[in-house]
Protein chains: 2
Amino acid sequence: MTTAGTPGKAARRKRSDARRNEQALLDAAAAVFVHAGVDAPVRDIATEAGVGMGTIYRHFPTRADLVVAVYRHQLDALAAAGTAVPQAGESPYDTLRLWVARFADFLVTKHGLAGALHSDQAGFESLHAELIGRLLPVCEQLLAACAAAGQTRDDIQPYDLLRGIGNLCVGAETDPNYNARLMIDLLLAGLARDRSVTPATSTE
Amino acid sequence: MTTAGTPGKAARRKRSDARRNEQALLDAAAAVFVHAGVDAPVRDIATEAGVGMGTIYRHFPTRADLVVAVYRHQLDALAAAGTAVPQAGESPYDTLRLWVARFADFLVTKHGLAGALHSDQAGFESLHAELIGRLLPVCEQLLAACAAAGQTRDDIQPYDLLRGIGNLCVGAETDPNYNARLMIDLLLAGLARDRSVTPATSTE
DNA sequence: CATGATACGGAGCAATGTTCCGCTTGTCAA
DNA sequence: TTGACAAGCGGAACATTGCTCCGTATCATG
């Protein structure tokens, strides 16, 4: 019986039209997200993909599922970037800073992702969960390395940091007067045990 | 703005039932906000106040108007607290920290206010504007004092700081795993020019 | 008390999320 | 090739919520 449920691998290959539609939906969603944000009406995405409402909900029961699927590559890349071996001469704190910058870029460039992530809108909890599940271990590792090297405080929870950074990104794209990256720099500077390790942004 | 345009004084006193309804709406909104957040359905507020839909929109054309009206006292108090003369022996940086803590408390204890403030939902821009208009000057003054005393960097925009703090408060109430105050402490520590001025972060 | 201005109520429209079910289509075996 | 059936599809229909509009009720004033 090759029915679904085997933990290992391939259940039964999905029907060809189902696969086609799933891909069409991913493409359509990616396109719509770019100009209408991740809050775009479900109908718009369905229309763009040329499918009915039922189809989109069958493939992606919650909006978060769709969002996660669309950005899965980038999420993978982000997680991988954090565990890659650092450049020679790069301190743990440098590595953390670099990774955080990538994380912030990811959130900011995705129209409204940061906002959606932290809203209590129904259907976004699983997006939050997915992101945390994927990135928390990475963040934790980077932070632990910093603390072990004595470069940062050791009493900060990775989750708090991740969430704090994410929060700081809210509105960074839509509000031209708000400089989220600068605030992130401040936060990271506050994390450092010794002011001397903080690079350029600090004066002189 | 409430009067018809006479710069000096009272235009025509509003009708008694109108005044009564306005107050009922404020009370009802305050009550509903507590358990349903500032995003509560307009209908719920109207029902709670025992008035019709038309009435609520006549008195408060946008949701932000209602929210601002409900929290006006506290906003006033917050603005006043920032300009009050500091305690003896309190450094400008201490004063800033204290005020920021009050600001954070204000946002966090109002169910979803921080989130609403930074969402791009229609009708919330004016809430944002009101808050900024009221608090930005205060923040600016506190920050300038810190910089003048050499306690903090002098290249930070008050707006960025206000917005950053506000952002960090998002979800502080609903996510028990997130310690917004700690992140705010970190941000403020990063703001300090000299690590020695930052007091031992009291875990609250 | 009459009358005009003011304010009220809630039905109704629009946008959007979500479900449900009859119909279509792909797949597989005979 | 064909028949049968599970898998999948489409979109109408329902629910929620924001917001407007206008006939009606109420207040204030002479």
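So you know, we letter chains A, B, ... as the sequences are listed, proteins then strands, and number each from 1. Please read these numbers as outputs of a predicted model, since none were measured by experiment.
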**salt bridge (Lys or Arg N to Asp or Glu O under 4.0 Å) partners for A/Asp175, two or more places apart** =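 Scan of A/Asp175 (salt bridge (Lys or Arg N to Asp or Glu O under 4.0 Å), adjacent residues dropped) gives B/Arg163.
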
**Inter- and intrachain pairs under side chain to side chain donor-acceptor pair (under 3.5 Å), touching residues 25-36 of chain B, at least two apart** =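 Listed by first then second residue: B/Gln23-B/Asp27.
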
**Prompt:** Which pairs, with at least one residue in residues 40-53 of chain A and sequence neighbours excluded, count as a side chain to side chain donor-acceptor pair (under 3.5 Å)?
**Reply:**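 Applying side chain to side chain donor-acceptor pair (under 3.5 Å) to every pair that reaches into residues 40-53 of chain A, excluding sequence neighbours, yields nothing.
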
**Message:** For DNA chain C, which residues of residues 29-59 of chain B approach it to below 4.0 angstrom with any heavy atom?
**Reply:**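 B/Arg43, B/Gly50, B/Val51, B/Gly52, B/Met53, B/Gly54, B/Thr55, B/Arg58, B/His59, in order of number.
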
Would the distance check show the side chain of [X] and the main-chain N or O of [Y] forming a donor-acceptor pair, the cut-off being under 3.5 Å?
{"X": "B/Asn167", "Y": "A/Val170", "result": "yes"}
{"X": "B/Tyr93", "Y": "B/Leu188", "result": "yes"}
{"X": "B/Tyr71", "Y": "B/Ala30", "result": "no"}

I need the [atom1]-[atom2] distance between [X] and [N], as an integer number of Å.
{"X": "A/Asn21", "N": "D/dG11", "atom1": "CG", "atom2": "C1'", "result": "14 Å"}
{"X": "A/Leu25", "N": "D/dG8", "atom1": "CG", "atom2": "P", "result": "14 Å"}
{"X": "A/Phe60", "N": "D/dC9", "atom1": "CZ", "atom2": "P", "result": "11 Å"}
{"X": "B/Arg63", "N": "D/dG18", "atom1": "CZ", "atom2": "C1'", "result": "8 Å"}

**Any A/Phe60 side-chain heavy atom under 4.5 Å of A/Leu26 side chain** =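 Sidechains of A/Leu26 and A/Phe60: in contact.
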
**Request:** Please name all residues satisfying ring-ring contact (aromatic ring centres under 6.0 Å, His included) with A/Phe106, sequence neighbours left out, ordered by chain then number.
**Result:**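 ring-ring contact (aromatic ring centres under 6.0 Å, His included) check on A/Phe106 returns nothing, list empty.
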
Collect all protein-nucleotide pairs involving nucleotides 28-30 of chain D in which both atoms are nitrogen or oxygen and the distance is under 3.5 Å.
{"from": "D/dA28", "atom 1": "OP1", "to": "B/Ser16", "atom 2": "N", "distance (Å)": "3.2"}
{"from": "D/dA28", "atom 1": "OP1", "to": "B/Ser16", "atom 2": "OG", "distance (Å)": "3.3"}

